[in-house]
Amino acid sequence: MSLEVPLTLEPMEAEAVDELPPAGKGWQFEPKVDGFRCIIFRDGDQVHLQSRRQKPLERYFPEVADATRSIEPIRFVLDGELVIPGQPFDALQLRLHPAESRIRKLSVQIPAQFVAFDLLADAEGHSLLQHPFEERRAALEAMLRRMRGHPTFLLSKATRSPAMARKWLSNVGRGQRQWDRCR
């Protein structure tokens, strides 16, 4: 792949907290998502879904790999989480099966989606890692709008409101998971 973001990049890890940090300028909050952390690398027909431990995931989530190949732009790097909305976390774990036929069957019966948190490389394959998160988030939102609501790709919810973030934090563990489609 000829992207400026290396395949060796590890995804940023969220910190589990019981309380929000003190309010301050520049904070953006996102609700917790129960899924597999994943970075999607796309360079033309080459697609690589990579786990947080840098293991390939495209074999286990062929519908996400195929959907990635079907969208514009043809070059980018996305950071996010593979999820199966409405299903328990076990549904994701069932995908890590040795039999390809079982994986293909599950990918049709309960397809996974990708909740995007961050855009790490743009449509030219240029790294955005040195850009402020606010710029990367705006570029991510614009990219997902151009996808016109593709059902596989979801935009993570985000807020600058501590009150909304506290509401999300209070719902963790109660099955309250919501995502916005970027249209």
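Just so you know, these numbers come straight off a predicted model, no measurement behind them.
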Asker: At what distance, to the nearest 0.5 angstrom, does OH of Tyr60 lie from OG of Ser51?
Answerer: 10.0 Å

Asker: I need the minimum non-hydrogen distance between Ala158 and Arg137, along with the two atoms involved.
Answerer: CB-NH2, 3.5 Å

Asker: Show me, pair by pair, the donor-acceptor contacts under 3.5 angstrom made by side chains of residues 114-121, not counting sequence neighbours?
Answerer:
{"residue": "Asp118", "atom": "OD1", "partner": "Arg136", "partner atom": "NE", "Å": "2.9"}
{"residue": "Asp118", "atom": "OD2", "partner": "Arg136", "partner atom": "NE", "Å": "3.2"}
{"residue": "Asp118", "atom": "OD2", "partner": "Arg136", "partner atom": "NH2", "Å": "2.9"}

Asker: Let's go through Glu58 and Thr68 carefully: what are the C-alpha distance in whole Å and the side-chain angles of both, what is the deciding distance for side-chain contact (heavy atoms from CB on, under 4.5 Å) to 0.1 Å, and is it a yes or a no?
Answerer: CA-CA 10 Å; Glu58 55 271 11; Thr68 301; over 6 Å; no

Asker: Mind checking what makes side chain to side chain donor-acceptor pair (under 3.5 Å) contact with Gln54, not counting sequence neighbours?
Answerer: none

Asker: To the nearest 0.5 Å, how far apart are CG in Leu144 and CG in Leu154?
Answerer: 8.5 Å

Asker: When you measure from the side chain of Arg52 to the backbone of Phe36, do you find a donor-acceptor pair of N or O atoms at a distance under 3.5 Å?
Answerer: no

Asker: Quick check for you: to the nearest 0.5 Å, what is the distance between Glu135 atom CD and Leu128 atom CG?
Answerer: 8.5 Å

Asker: Using a 3.5 Å distance criterion without hydrogens, assess whether the side chain of Arg75 forms a donor-acceptor pair with backbone atoms of Gly44.
Answerer: no

Asker: If you round to the nearest 0.5 Å, how far is NE2 of His131 from CG of Asp122?
Answerer: 7.5 Å

Asker: Can you tell me how far CG of Leu140 sits from CZ of Phe76, rounded to the nearest 0.5 angstrom?
Answerer: 10.5 Å

Asker: Nearest 0.5 Å, please: how far is NE2 in His48 from CZ in Arg42?
Answerer: 15.0 Å

Asker: Do any pairs count as a side-chain hydrogen bond (donor to acceptor under 3.5 Å, both in side chains) and have a residue in residues 86-108, sequence neighbours left out, and if so which ones?
Answerer: Glu63-Arg95

Asker: Only one of Val83, Leu82, Val64 passes side-chain contact (heavy atoms from CB on, under 4.5 Å) with Cys38; say which it is.
Answerer: Leu82

